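What follows is a set of notes on a single structure, which appears directly below.
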Protein chains: 2
Amino acid sequence: MSWKLDSDRPIYTQLIEILKIEIVSGKLPPGSKFKSVRDLAMEAGVNPNTMQRAFAELEDLELLRTERTSGRFVTEDAELIGKTRDAIASAQFDLFAEKMEQLGFSKRELVDFVNKKVEVESDG
Amino acid sequence: MSWKLDSDRPIYTQLIEILKIEIVSGKLPPGSKFKSVRDLAMEAGVNPNTMQRAFAELEDLELLRTERTSGRFVTEDAELIGKTRDAIASAQFDLFAEKMEQLGFSKRELVDFVNKKVEVESDG
DNA sequence: ATTACTGTATTAAGCGCTTAATACAATAAT
DNA sequence: ATTATTGTATTAAGCGCTTAATACAGTAAT
């Protein structure tokens with residue numbers, strides 16, 4: 001995984017976002033087993049308590065389920081996964097669009113800006 | 001101003017972003033006078049110390065200059081303002097594009113997604 | 001001269017996040 | 001049966017952000 005953590009926001013919040021994306025993007029397939037709290041915490045370079053806190057949130061969202069002592073597993077609810085993916089994409093766009101509007105970009109200018117950026121990154 | 005502050009990130013960081021956008025979007029014109037630390041702090045509902053901290057950062061960036069006892073003023077460096085605006089827009093897009101890529105969207109799908117969202121928000 | 005308003009600095013307290021160091025219960029593996 | 005591994009819980013400490021309460025110096029306004 002990426003584990004690009006900055007000190008500007010609570011780590012557990014960032015872990016939630018990272019793990020959420022891993023799940024809804026399909027990199028961690030439905031029904032697949034998760035690494036243990038301790039292992040993932042070590043891999044991410046954080047305290048097990050902090051990783052546990054992130055897991056608790058993902059369970060509230062039902063993206064993870066806990067099998068008492070054998071570990072955690074990704075949900076098999078494909079609809080939930082799909083809806084969550086769309087929700088994240090929309091939320092991310094809204095954040096971006098809000099900033100652009102505050103910067104004085106019109107809707108058309110926003111679209112033009114995006115097209116230009118994507119072309120540049122694709123062509124070289 | 002907006003003053004939409006959340007508790008998830010340091011307030012002074014959010015103040016920096018808000019004020020930066022006010023300046024580079026032209027809502028606070030070049031050379032115009034700023035409100036005092038105390039007034040702006042009260043308006044934003046934060047402690048004067050916290051607002052002061054945000055101001056210090058904007059001065060480091062030279063977007064503000066301090067006139068010892070008569071107050072603070074927006075820079076008149078139009079090029080700096082323009083470059084900063086572009087830099088913010090690019091950074092915001094990069095954040096958005098990175099998330100979309102992590103979610104499994106291709107460049108084309110990203111553009112399609114943006115077009116769709118903008119149309120929806122415009123048409124109703 | 002006095003008053004009011006600037007920016008600036010300091011100190012102490014509170015709060016949430018994070019870490020460290022454990023400990024316990026339940027179960028899979030041997 | 002024993003061992004290892006799972007999730008889970010607790011306590012104490014440290015750290016940065018935030019607030020509160022001041023205080024001081026410089027200058028504009030009167």
Side-chain angles (χ1 to χ4, degrees), chain A residues 1-20 22-23 28-29 31-76, chain B residues 1-20 22-23 28-29 31-76:
Chain A
M1 303 195 192
S2 49
W3 305 132
K4 274 185 281 182
L5 302 170
D6 65 278
S7 60
D8 223 36
R9 295 181 305 151
I11 293 177
Y12 83 94
T13 299
Q14 301 179 55
L15 294 177
I16 290 168
E17 292 175 3
I18 291 172
L19 294 172
K20 225 194 241 183
E22 291 283 324
I23 293 172
L28 297 174
S32 64
K33 189 176 180 182
F34 243 63
K35 292 183 179 173
S36 73
V37 177
R38 293 173 177 80
D39 285 354
L40 250 197
M42 183 152 62
E43 185 180 309
V46 302
N47 191 278
N49 298 340
T50 306
M51 185 60 75
Q52 169 104 8
R53 187 165 178 179
F55 279 173
E57 170 78 10
L58 293 177
E59 281 169 22
D60 273 356
L61 298 174
E62 296 184 345
L63 289 173
L64 283 186
R65 84 185 129 78
T66 295
E67 217 68 40
R68 199 65 182 81
T69 59
S70 58
R72 286 188 169 83
F73 301 86
V74 177
T75 181
E76 298 178 13
Chain B
M1 303 194 193
S2 48
W3 305 134
K4 275 185 282 182
L5 303 170
D6 65 278
S7 59
D8 222 36
R9 293 181 308 150
I11 293 178
Y12 82 95
T13 298
Q14 300 178 57
L15 294 177
I16 291 169
E17 290 175 3
I18 291 172
L19 294 172
K20 225 194 244 183
E22 292 283 325
I23 293 172
L28 297 175
S32 63
K33 188 176 181 183
F34 243 63
K35 292 183 179 172
S36 73
V37 177
R38 293 173 177 81
D39 285 355
L40 250 197
M42 185 154 61
E43 186 180 308
V46 303
N47 191 279
N49 298 340
T50 307
M51 185 60 75
Q52 169 102 7
R53 187 165 179 178
F55 279 172
E57 170 77 11
L58 294 178
E59 282 169 21
D60 272 358
L61 298 174
E62 296 183 345
L63 289 172
L64 283 186
R65 85 186 128 80
T66 296
E67 216 68 36
R68 198 65 181 81
T69 61
S70 59
R72 285 188 171 84
F73 301 86
V74 177
T75 180
E76 299 178 14

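Proteins get letters first, then strands, A, B, ... in listed order; numbering begins at 1 in each. Just so we're clear, the structure is a prediction, and the values are computed from it rather than from any experiment.
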Spacing between A:M51 atom CE and D:dT8 atom P, to the nearest angstrom: 14 Å

Give a yes or no on whether the backbone of B:D6 and the side-chain of B:Q14 come within a donor-acceptor separation of less than 3.5 Å. yes

Would you mind checking if A:E59 and A:R72 are paired as a salt bridge, meaning a charged N to carboxylate O distance below 4.0 Å? yes

A:Q52 has its side chain closest, among D:dT8, C:dG7, C:dT6, to D:dT8

To the nearest angstrom, how far is B:L5 atom CG from D:dC17 atom C1'? 13 Å

Donor-acceptor list for residues 48-55 of chain B side chains, cut-off 3.5 Å, not counting sequence neighbours:
from	atom 1	to	atom 2	distance (Å)
B:N49	ND2	B:N47	OD1	3.3

How does each nucleotide of nucleotides 19-30 of chain C score, in 5' to 3' order, for protein heavy atoms under 4.0 Å: base (B), sugar-phosphate only (S), or none (-)? BBB-B--BS---

When you measure from the side-chain N and O atoms of B:R72 to the phosphate of C:dT6, is any distance below 4.0 Å, counting only OP1 and OP2? no

Rounded to whole Å, please give me the gap between CG in B:L64 and P in C:dT8. 11 Å

Examine distances only and state if a side-chain atom of A:K33 and a backbone atom of A:S70 form a donor-acceptor pair shorter than 3.5 Å. yes

If only atom types and distance count, is the side chain of B:E62 paired as donor or acceptor with the main-chain N or O of B:T75 below 3.5 Å? no

Whole-Å distance, B:F73 CZ to C:dT6 P, equals 11 Å

Round to a whole Å and report the spacing from CG of B:L40 to P of C:dT6. 11 Å

Listed nucleotide nearest any side-chain atom of A:R53, set D:dG7, C:dG7, C:dC17: C:dC17

Taking atom P of C:dG16 as reference, at what distance in whole Å does atom CG of B:D8 sit? 14 Å

Is B:E76 paired with B:R65 through a side-chain N to carboxylate O contact shorter than 4.0 Å? yes

Return whichever of A:S36 or B:R9 has its heavy-atom-nearest nucleotide of DNA chain D closer to the 5' end. A:S36

So how far is it from B:E22 CD to B:I18 CD1, rounded to the nearest 0.5 Å? 8.0 Å

Round to the nearest Å and state the distance from A:E67 atom CD to D:dT8 atom C1'. 16 Å

Sugar-phosphate, base or nothing in reach of B:F55, heavy atoms under 4.0 Å: nothing

Separation of C:dC5 atom C1' from B:M42 atom CE, nearest Å, is 13 Å

